[in-house]
Amino acid sequence: MKASESSLPSFPSISDQGFVEACMQLVGIYQSHGEFQSSWTKVQLDKVDSVTFMTIQRDIEVDRNVIDADELVDDEFHEHDDHSIVKTDGPTVRARFTIIRSPTYQVPVLYFDLLDQHSKPVTDIADVYRILVPEIHRCQINSIGVIGAISMTSHPITDRPTFFVHPCRTAEALSNVVSNRPYRTLDYLMLWFGIVGSTLGLSIPVELLNASNTA
């Protein structure tokens, strides 16, 4: 039986083994089809001590108004006179996502941080919302919707301050959108991306999604 064919008897929870299997499948799909998309720039699976986690990286071009103009690089603007400013392309922010299974909630948890064009962390939660959260999801997250709220915590691997989406209601959200059919481990991860990842602009690129349907 292939890893992607493993069933999930404990749905909406997922076992550590099932989580690792699903991540391995997605990393394999990225390695074979990643060149056909441009949304994700890095996908890899790592293990530190007994914790296996997946890292996904995105480079996001943001509007100049999202980040304070004082923090923009010098060539972002070219002044021609006292009354006119010509804008170049917006600065690029690097988003680094870490997905780790919570042994307490038994669901994947999304941790993330943002680095501005100077490689400095973006720490203002308002900037995080403007850069990452699609407008259709902002009210839901602000009101602590079915996926929980964005807040700060210590990264479980690096112990550095990081943002994360609290997993307290992830299982409930997963249960509310599924049918009674058995789910493979890879199906579970794709569903999780659709519910949790998409709220932070971390949707599965269509090229990878299509490839997953034949995995």
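Bear in mind that the values here come from a model prediction, so they are computed numbers and not experimental data.
- Between the side chains of Glu21 and Gln17, a donor-acceptor pair is found at a separation under 3.5 Å.
- The shortest distance between side-chain heavy atoms of Leu26 and Met190 falls below 4.5 Å.
- The hydrophobic cluster analysis finds Phe36 isolated: no Ile, Leu, Val, Met, Phe, Trp or Tyr side chain comes under 4.5 Å of it, directly or through other members.
- Residues Val62 and Ile125 share a single hydrophobic cluster, defined by chaining ILVMFWY side chains whose heavy atoms lie under 4.5 Å apart.
- Counting heavy atoms from C-beta on, the side chains of Leu132 and Ile60 come closer than 4.5 Å.
- Residues Ile99 and Val133 share a hydrophobic cluster, clusters being chains of Ile/Leu/Val/Met/Phe/Trp/Tyr side chains in contact below 4.5 Å.
- Shown here are the side chain to side chain donor-acceptor pair (under 3.5 Å) partners of Asp124, two or more places apart in sequence or in another chain: there are none.
- A distance of 5.0 Å separates CG of Leu174 from CG of Leu191, quoted to the nearest 0.5 Å.
- Here the side chains of Gln117 and Thr92 are not in contact, with every heavy-atom distance at 4.5 Å or above.
- Looking at every heavy atom in both residues, Tyr30 comes nearest to Gln37 through CE1-NE2, 3.5 Å.
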Output a table of donor-acceptor pairs, distance under 3.5 Å, between side-chain atoms of residues 103-110 and any protein atom two or more places apart or on a different chain; print 'none' if there are none.
none

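- Here CE of Met152 is found 10.5 Å from CZ of Phe164. Values are rounded to the nearest 0.5 Å.
- Residues passing the side-chain contact (heavy atoms from CB on, under 4.5 Å) test with Met24 are Val20, Leu45, sequence neighbours excluded.
- Although no hydrogens or angles enter the test, the distance criterion places a donor-acceptor pair under 3.5 Å between the side chain of His166 and the main chain of Cys168.
- In this structure, Ile29 and Leu208 approach most closely via the heavy-atom pair CG2-O, 3.8 Å.
- Phe19 and Val48 are not part of a single hydrophobic cluster, where members link through side-chain heavy atoms under 4.5 Å apart.
- Shown here are the side-chain contact (heavy atoms from CB on, under 4.5 Å) partners of Ser154, two or more places apart in sequence or in another chain: Asp159.
- Closest approach of Leu209 and Ile204 over heavy atoms only: N-CG2, 3.6 Å.
- The two residues Gly201 and Arg58 come nearest to each other via the heavy atoms O-NH1, 2.7 Å.
- Taking hydrophobic clusters as Ile, Leu, Val, Met, Phe, Trp and Tyr residues chained together by side-chain heavy-atom distances below 4.5 Å, Ile150 shares a cluster with Ile56.
- Scored by the ring-ring contact (aromatic ring centres under 6.0 Å, His included) test, Tyr188 finds Phe11 as partners (sequence neighbours excluded).
- In this structure Thr162 satisfies the side-chain contact (heavy atoms from CB on, under 4.5 Å) test together with Tyr111, Asp113, Thr153, His155, sequence neighbours excluded.
- Taking the ring-ring contact (aromatic ring centres under 6.0 Å, His included) definition, one finds that Phe112 meets it with Phe163, sequence neighbours left out.
- Here the side chain of Ser198 pairs no donor or acceptor atom with the backbone of Ser203 at under 3.5 angstrom.
- For His33, the ring-ring contact (aromatic ring centres under 6.0 Å, His included) test picks out no residue, with sequence neighbours left out.
- A heavy-atom distance below 4.5 Å is not found between the side chains of Thr158 and Thr98.
- Closest of all the heavy-atom pairs between Ser212 and Arg184 is O-NH2, 3.9 Å.
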(request) List the steps and the verdict of side chain to side chain contact (heavy atoms under 4.5 Å, CB included) for Leu115 and Val122. (result) CA-CA 6 Å; Leu115 299 177; Val122 176; over 6 Å; no

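- When the salt bridge (charged side-chain N to carboxylate O under 4.0 Å, His left out) test is applied to Asp16, no partner is found at least two apart in sequence or on another chain.
- The hydrophobic clustering, which links ILVMFWY residues whose side-chain heavy atoms are closer than 4.5 Å, places Leu202 and Val196 together.
- Of all non-hydrogen atoms in Leu114 and Ala95, the two that sit nearest each other are CD2-CB, 3.5 Å.
- Distance CZ/Arg101 to CE/Met54: 14.5 Å, rounded to 0.5 Å.
- Legend: residues meeting salt bridge (charged side-chain N to carboxylate O under 4.0 Å, His left out) with Arg94, ordered by chain and number and at least two apart, are Asp59.
- For Trp40, the ring-ring contact (aromatic ring centres under 6.0 Å, His included) partners two or more places apart in sequence, or in a different chain, are Phe193.
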